[in-house]
Each structure stands twice: as C-alpha cells, then as structure tokens.
Amino acid sequence: MRLPFSCFGPDALGSVAPEGLARAVWSDATSLTLTLIPADWMNAPLVGQAADQWEAVEGLWIDRPWLRDNACPVLRVSVPVVAPHKAASDTLADEVVPPPPAQPVPQPAPQSAPLAYSAGLAVLRETGASRLGRRPGQAYRFTVRGQGEKAAAPAPGGYRLALEGRFDSFPDGRVIHCIGDDPDRRPVCVAAVRLDVVAFETVSGERLSEWRPTGG
C-alpha cells in the first residue's frame with residue numbers, strides 16, 4: 001500500500017504532525033522532515049479487548065481512502081472559454097491543472113480545525129513476540145536538508161508512505177472493525193495488520209528511508 005501525503009507542499013514551520021498520518025513539515029529555514037507518528041490505539045473502541053494478547057496497537061489513518069491511485073489528486077478548476085461574439089463568462093469548461101508548485105519558504109503555523117478520518121490500519125504488536133526491530137512509541141522520521149543556506153526543494157507532487165505487510169485479525173477473528181453512531185455519516189473502519197516494511201518515497205518511486213518493524 002502506498003499513501004500519498006503533503007501533496008501541496010510541506011506544512012508550515014512550527015506545525016505539529018498529527019498522530020497516525022504521514023506529513024512533510026518544515027523543521028527550520030532550510031530543512032524539512034518527513035514524519036509518521038503512530039497513534040496509540042491500545043484501548044481504542046475500534047480495537048476491542050487487546051490488553052492480554054498484544055503488547056501494543058499502533059494506529060495509522062488512511063487519508064482520502066476513496067482514491068484508487070497512489071499519487072496525489074489532481075485539481076480541477078473551471079476557467080472561462082472565450083468564443084466569438086460572446087463574453088468570457090458565458091461559457092465554462094473544466095481544465096485539469098497540476099498542484100501548484102511548493103514554495104520552500106517556512107511560514108507561521110496556520111490555525112485549522114482537526115480533520116475526521118474514516119479508514120485506518122491497526123498495527124498489531126503481539127505480547128511475547130520477538131522484539132527485534134521494534135519501535136514502540138517511536139516516530140518514523142527522515143530529514144531532507146538543503147545545501148548551505150539554500151532551502152531544501154520539496155519533491156514535486158509530494159511524497160508517499162509505503163507500507164508492506166499482511167492482514168491479521170482482532171481477538172474476535174475479524175479482520176475489519178467498524179463503528180458508527182450516526183446514520184447520516186459514514187462509519188469509521190480499521191483493519192488489523194502486521195507490517196514488515198515502513199518507508200518514505202517520492203511519487204516517482206525513489207525510496208528515501210526504510211524501516212523493518214518486524215526485524216526482517
């Protein structure tokens with residue numbers, strides 16, 4: 001699974017990366033950091049009773065789960081089409097445009113409301129299993145540095161979080177758990193998984209950094 005992130009440039013200097021989501025964040029005037037901080041889902045209602053069977057359950061959210069492509073979404077904007085003897089505002093057409101180029105200039109952190117997510121992965125850490133390669137509570141981080149006083153250039157089109165592994169099951173034998181308390185809103189669903197590889201990539205497939213949580 002490959003999940004695109006930071007499609008329209010890194011987050012501003014001073015921004016805090018949300019738990020469970022990969023982000024590129026300016027760390028200073030010339031460097032940006034790719035970060036993934038797993039959320040603690042050990043006692044989350046979506047997981048169920050996990051205290052006896054698992055040492056930890058780390059949560060990862062899937063941003064834009066409705067997209068089938070592993071690349072950043074393309075923006076669509078309406079632009080006027082000029083025809084003879086007609087005003088430019090008479091006719092509109094859709095034009096596909098790429099995301100705007102990222103500006104590698106750190107800005108003050110914006111104030112925004114938290115987003116709600118509806119799909120995720122519960123990464124299981126079984127009690128008593130090998131601890132080789134374990135990273136309990138640790139974030140995945142990779143720093144892209146500029147040269148001298150020149151700011152690092154963000155990758156065109158953003159980055160991708162690459163996840164390799166297999167599906168597992170919760171204590172009740174199910175692979176997916178869903179909860180929902182409002183019939184007018186989609187439920188929130190998470191799948192139980194075990195991860196063999198966590199990596200950051202560019203959209204062209206260049207692997208920037210890689211971890212093997214299971215020690216493989």
Side-chain angles (χ1 to χ4, degrees), residues 1-11 15-27 31-39 41 46-47 56-76 96-102 104 115-125 133-135 138-145 152-169 175-178 186-216:
M1 176 181 290
R2 283 167 169 77
L3 306 175
F5 66 95
S6 294
C7 293
F8 308 113
D11 291 355
S15 298
V16 178
E19 289 189 347
L21 285 170
R23 284 290 186 269
V25 180
W26 284 107
S27 47
S31 303
L32 59 94
T33 301
L34 311 185
T35 302
L36 171 63
I37 305 174
W41 285 1
L46 272 167
V47 174
V57 180
E58 298 178 341
L60 307 178
W61 290 114
I62 300 175
D63 200 5
R64 304 183 185 94
W66 52 85
L67 296 180
R68 291 181 295 178
D69 198 356
N70 58 17
C72 287
V74 176
L75 296 178
R76 289 183 177 272
V96 178
V97 298
L115 299 177
Y117 300 94
S118 60
L121 303 174
V123 184
L124 309 183
R125 310 292 187 194
R134 292 286 183 90
R135 299 171 52 85
Q138 296 185 38
Y140 300 92
R141 289 191 174 93
F142 177 78
T143 300
V144 181
R145 304 185 186 279
Y159 299 89
R160 292 191 308 208
L161 172 66
L163 304 174
E164 300 174 10
R166 60 194 184 278
F167 287 107
D168 207 315
S169 60
V175 176
I176 297 176
H177 277 179
C178 296
R186 66 168 64 93
V188 178
C189 298
V190 300
V193 300
R194 294 182 187 269
L195 291 182
D196 299 321
V197 175
V198 177
F200 292 132
E201 298 178 342
T202 64
V203 294
S204 63
E206 177 188 358
R207 186 152 291 192
L208 303 174
S209 188
E210 177 184 293
W211 299 264
R212 295 183 177 271
T214 57

Pairwise distance CZ(F5) to CZ(F200) - rounded to 0.5 angstrom: 5.0 Å
Heavy-atom pair of closest approach, residues S15 and V25: O-CG1, 3.7 Å
Rounded distance [0.5 Å steps], OG in S27 versus CZ in R145: 7.0 Å
Heavy-atom pair with the smallest gap, counting every atom of W26 and S31: CE3-O, 3.2 Å
Atom pair CH2/CG of W61 and L36 - distance to nearest 0.5 Å: 13.5 Å
Which atom of D196 lies closest to which atom of R166, heavy atoms considered: OD1-NH1, 3.5 Å
Test applied, side chain to side chain contact (heavy atoms under 4.5 Å, CB included); reference residue, Y159; option that passes from L3, V203, L208: L208
Side chain to side chain, L60 and L163, heavy atoms closer than 4.5 Å: yes
Name of the residue among L161, L32, D63 meeting side chain to side chain contact (heavy atoms under 4.5 Å, CB included) with R23: D63
Contacts of type side chain to side chain contact (heavy atoms under 4.5 Å, CB included), residue P156, not counting sequence neighbours: none
Non-hydrogen atoms of G120 and W41 that approach each other most closely: CA-CH2, 4.4 Å
Smallest separation among heavy atoms of P4 and C7, with atom names: CB-SG, 4.2 Å
Worked check of side-chain contact (heavy atoms from CB on, under 4.5 Å) between L195 and E58: CA-CA 11 Å; L195 291 182; E58 298 178 341; over 6 Å; no
CA sep, side-chain torsions, deciding dist, call: S204, T202, side chain to side chain donor-acceptor pair (under 3.5 Å): CA-CA 5 Å; S204 63; T202 64; 2.8 Å; yes
Y140 side chain near P38 side chain, heavy-atom distance below 4.5 Å: yes
E210: side chain to side chain donor-acceptor pair (under 3.5 Å) partners, not counting sequence neighbours: R207, R212
Interatomic distance, C189 atom SG to L46 atom CG [nearest 0.5 angstrom]: 8.0 Å
Closest non-hydrogen atom pair, A24 against L34: CB-CD2, 3.5 Å
Residues which pass side chain to side chain donor-acceptor pair (under 3.5 Å) with R2, listed by chain and number, not counting sequence neighbours: E201
